[in-house]
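Keep in mind the model is a prediction, meaning the values are calculated, not measured.
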Amino acid sequence: MKKINSDFLFPLLSLVVLIFALSQQMFKAPPIGKLLDPFIGIVQNEAGDAFKPGTVSFYKMGLKDTVQVFFDNREVPHIYAGNASDMYFAQGYVTAGLRLWQMDFLSYVSAGRLSEIFADGFLEYDRKQRRIGILEAAKTSLKMIEADPETSEALNAYTKGVNAYVQQLDYAAMPVEYKLLDYRPEPWTNLKSVLLIKYMANILSGYEEDYTMTNLMLVLGEEKFNRLFPDFPARYTPVSDSNYLPARAVSTGYIKKPAYLDYAFISAAAIVPKNDYNPKLGSNSWAVSGKKTASGFPILCSDPHLNLSLPATWLEMQLSAPGINVYGVTIPGTPAVIIGFNEQVAWGITNGIDDVKDWYKLRINADYTQYEFDGKWIHLPFNVEVIKRRGQETFYDTVYHTVHGPIVYSGNFDSTHPALRHHALKWELHRASNEFLTFIQLNKATNYTDYRAAIKHYASPVQNFTFACKDNTIAVNHQGSMAVKGRGEGRFILDGSSSEWLYTQYIPADSLPQQLNPASNYVLSANQHPTNPSYPYYYNGYYRENRANRIGQLLQQQDTFNVQQMEAMQLDNTSNFAVAALPVLAQVMAPEVLTVAEQQQLQKLGAWKGAYETDNDQPVFFHHWWKYIQSYTWDEFTSLNAGEKVPDDYILLDLISQHPADDYFDKQGTTGREKAADIVLAAFRAAIIKVKEEGSKKWGAFNNINIMHLANIKPFSTTNLATAGNADAINAVSSNAGPSWRMIVELGETPKAYGIYPGGQSGNPASAHFNDFMQDWNKGHYYPLFLYKTAGEARTAATHQWTLK
Amino acid sequence: MKKFTDSIKTISLLSGMIILVRLIPLIPWWTFVIPVIIAGMLVTYWKWQVSCFAAGFMAGFITWLGAGLYFHLSYQGLLFSRFGAGPQTGLFLVSALTGGILTGLAFYTGKTIVYRKTANFIL
């Protein structure tokens with residue numbers, strides 16, 4: 001006898017509960033059921049490459065014409081379109097196919113929206129991003145960008161292309177990171193592209209030391225401050241060595257303590273703010289005229305250095321449409337090629353590192369409604385940032401604004417930055433700018449005039465553009481918004497109560513530092529000083545001179561160069577500073593006090609030529625030796641509330657050789673009075689002990705770098721990579737930063753180009769192209785880069801192709 | 001003997017059904033349990049001699065593991081290998097267990113909806 005009974009209720013209920021549980025994130029673990037379902041879960045991501053071999057056609061995508069995409073054996077797409085709009089559409093589509101998660105994730109990182117992805121732990125980060133004004137700045141710039149027809153057309157097409165890819169993604173095909181972090185790709189927008197440009201601008205111009213310098217000026221006094229932290233160093237090779245006559249002394253010389261600056265002005269007891277930015281990020285780029293090359297055609301080299309991550313910052317691509325045929329690296333999420341070349345010209349970029357970020361101390365009334373400005377009390381407006389949070393209530397953050405900019409640290413935000421409480425932030429990144437247009441126009445530039453017209457749109461942050469044209473024109477431009485400032489203005493915290501310190505003028509484009517076809521037949525930039533002291537405007541920055549000095553020397557030494565020699569230069573591991581310091585330090589050491597073992601160590605060091613090679617142990621010894629010399633000499637600084645800031649390496653080296661009895665050599669807490677020789681010897685002995693403790697490592701083992709996945713997923717990261725190089729060598733690899741793209745282009749009938757970056761074209765960890773360049777990059781190999789002249793050429797070399805309709 | 005052949009028949013039937021349902025795009029991942037519940041009802045009606053949870057479990061376990069291995073091997077991707085051998089085995093095992101438990105429970109649920117008091121009821 002059959003009958004329906006109620007015994008099924010319990011198993012049915014269990015089943016429902018189980019399914020529900022397996023569909024949810026639990027204890028930070030992704031939803032197990034969905035994730036491990038073999039039909040849609042992560043095993044489906046083993047499919048690897050998004051673009052399979054063969055010809056695939058897509059219809060109804062809104063393209064005007066057919067677009068052909070040819071992938072070469074390194075999975076570099078070569079896009080051939082009938083018009084620019086279709087070309088940018090295809091760039092968006094193909095980029096999304098290769099790097100969707102990366103570009104989408106970084107737009108969240110930039111906008112301060114990580115709390116939408118991660119249930120907790122990122123609210124403070126999101127608040128910070130909003131409060132320093134990144135999202136608002138992106139919105140401001142977007143208005144300007146969308147008002148420009150050329151940029152607007154490219155960006156709209158790009159966004160459509162990304163969305164054409166996003167729309168056809170089901171769960172099974174979604175990048176694995178979405179599955180692991182349990183969220184879905186949202187539709188792409190123009191704003192997200194702008195956010196990625198602002199993300200780069202933040203990395204490149206976020207570093208500043210205003211509070212530290214203000215404090216140091218106060219405690220050291222003008223004389224010592226100027227001696228230890230001069231605006232111009234003793235040894236430098238400026239971007240532009242033009243002499244401006246008559247020399248106006250405004251850009252150099254003695255920095256006076258601002259009249260408003262006293263102990264009542266600064267929060268002297270406050271802790272130095274922790275710096276979130278890496279001041280050692282550096283880049284190199286140089287161009288040599290055909291008068292100095294074996295082929296008679298110019299060679300341009302560019303190796304931008306960034307924090308290294310997986311998927312890599314850059315994506316290689318060729319873009320071709322009538323009037324444009326360009327090859328280079330793109331930033332996933334933004335249109336056009338950023339660093340690259342076409343049949344006529346090549347260009348490279350390094351960070352300008354000017355100080356474009358300033359803090360203003362404010363006087364605000366008790367109920368936070370007004371602030372004082374030029375003797376009047378002005379209304380203090382605010383806006384409310386809406387921060388959505390996963391599984392929690394939306395957070396509303398009130399941000400106050402003055403004429404200078406946002407007040408970042410106020411209310412209950414971030415007690416770690418008491419020094420900058422109630423200070424307004426003025427930052428070039430906040431101003432509306434359209435950097436896309438520079439790249440859109442550079443991509444199709446055929447001569448120097450086109451190049452100048454293109455870069456004039458570039459505002460923030462200041463970058464050095466190096467340029468070479470087939471006709472042997474070479475140039476370098478320190479390009480971007482540089483405010484007109486009085487001497488010393490911007491090095492210290494500014495007085496926000498007076499319009500005297502609120503700069504509003506900018507250096508005219510024609511007066512920005514630049515060099516065109518110099519007599520030396522080469523131009524170079526490596527984050528060094530942009531000019532010599534005769535430049536008629538004051539500026540300051542966080543310039544680094546060592547690499548530029550080294551590049552200048554190497555370029556000067558030889559009359560003709562070829563591509564192989566340029567490769568060797570980009571891979572050069574020699575630190576100019578180590579080369580200069582070794583004889584000075586050895587000179588100071590009195591041989592009679594050294595033990596035999598110490599003398600042997602000194603001899604070994606003498607045989608070292610300052611090159612940070614993986615298989616040498618002397619760089620490790622020198623590294624420790626110099627660190628100890630620094631900490632013994634500048635021991636006074638630990639009590640100065642200067643954070644980790646100490647005077648430049650060369651200041652100390654010159655002090656050792658020229659003023660060996662300087663007060664700074666006297667160690668605190670000792671009865672005797674130490675001189676340079678005592679410090680250098682003590683540091684030498686300490687380094688010997690340190691090296692022993694560490695097991696006598698070679699430099700490769702010491703300079704062991706980790707290239708982490710953007711979401712810190714360890715299996716997707718490359719860890720323990722033994723690398724050569726040093727922050728002060730041209731090959732500036734250190735901790736997790738280094739050459740994010742090495743490119744060498746020799747122009748000519750057909751450009752001969754070579755390049756490599758640490759990573760791979762695909763963002764999919766299942767793909768063989770995820771990190772296939774990594775080992776070759778670390779070994780210093782280059783791949784030939786193919787700028788095909790016709791679609792036919794590209795087809796012949798393609799391993800697979802796509803057709804978009 | 002009948003029990004053995006019925007079990008084999010059941011496992012084959014369930015595996016086939018799971019695979020068919022999972023080939024339908026755009027439906028939630030867990031929808032395969034619905035036909036499994038119906039199968040549980042039918043099998044009871046047909047008087048097949050099967051231990052309902054165990055047979056369902058075996059079917060789900062084998063199907064999820066088999067499908068997982070099939071896709072893994074045919075795609076030849078590097079994703080799982082990046083996790084290392086241990087975690088890789090773990091992923092397949094947890095996946096198979098998930099499939100097994102869900103199918104077993106669903107099949108058992110179906111059986112309990114329609115059952116004969118006189119039948120030899122085995123869990």
Next on the checklist: Quick check on the interface: out of Ala96(B), Gly66(B), Ala106(B), who has the most heavy-atom pairs with chain A under 4.5 Å?
Outcome noted: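 If we count pairs closer than 4.5 Å to chain A, Ala106(B) comes out on top.
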Next on the checklist: Between Ser14(A) and chain B, with a heavy-atom cut-off of 4.5 Å, which part of the residue counts as in contact: side chain, backbone, both or neither?
Outcome noted: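 Contact with chain B involves both backbone and side-chain atoms of Ser14(A).
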Next on the checklist: Which atoms of Ile42(A) are under 4.5 Å from chain B, going by heavy atoms: the side chain, the backbone, both sets, or neither?
Outcome noted: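 Looking at Ile42(A), backbone and side chain both touch chain B.
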Checklist entry - Leu105(B) and Pro11(A): which non-hydrogen atoms are nearest, and at how many Å? => result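 Residues Leu105(B) and Pro11(A), closest heavy atoms: CG-O, 4.0 Å.
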Next on the checklist: With a 4.5 angstrom heavy-atom cut-off, is it the side chain or the backbone of Val33(B) that approaches chain A, or both, or neither?
Outcome noted: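 It is the side chain, since no backbone atom gets that close.
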Item to check | Audit row: Asp37(A), Trp30(B), side chain to side chain contact (heavy atoms under 4.5 Å, CB included) steps and yes/no | outcome: CA-CA 9 Å; Asp37(A) 179 340; Trp30(B) 49 266; over 6 Å; no
Can you tell me how far the [atom1] atom of [X] sits from the [atom2] atom of [Y], to the nearest 0.5 Å?
X: Leu36(A); Y: Trp64(B); atom1: CG; atom2: CH2; answer: 7.5 Å
X: Asn45(A); Y: Phe71(B); atom1: CG; atom2: CZ; answer: 12.5 Å
X: Leu78(B); Y: Phe716(A); atom1: CG; atom2: CZ; answer: 11.0 Å
X: Thr63(B); Y: Phe39(A); atom1: OG1; atom2: CZ; answer: 7.0 Å
X: Leu79(B); Y: Asn764(A); atom1: CG; atom2: CG; answer: 7.0 Å
X: Leu15(A); Y: Ile101(B); atom1: CG; atom2: CD1; answer: 11.5 Å

Next on the checklist: For the interface with chain B, which of Ser767(A), Ala172(A), Pro765(A) has the highest count of heavy-atom pairs at distances below 4.5 Å?
Outcome noted: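 Of the options given, most contacts go to Pro765(A).
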Would you say that [X] contacts [Y] through its side chain, given a criterion of any heavy-atom pair below 4.5 Å between the two side chains?
X: Trp29(B); Y: Ser23(A); result: yes
X: Glu46(A); Y: Leu73(B); result: no
X: Leu12(A); Y: Ile37(B); result: yes

Item to check | Given Leu18(A), Ile32(A), Leu35(A), the one that forms side-chain contact (heavy atoms from CB on, under 4.5 Å) with Thr98(B) | outcome: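 That would be Ile32(A).
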Item to check | Heavy atoms of other groups near Met17(B) CE, more than 12 under 6.0 Å | outcome: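 Atom CE in Met17(B) is crowded, with more than 12 foreign heavy atoms closer than 6.0 Å.
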Next on the checklist: Under the criterion side chain to side chain contact (heavy atoms under 4.5 Å, CB included), I'd like the reasoning laid out for Ile713(A) against Arg82(B): C-alpha separation, chi angles, the key distance, then a yes or no.
Outcome noted: CA-CA 11 Å; Ile713(A) 301 173; Arg82(B) 293 194 199 278; over 6 Å; no
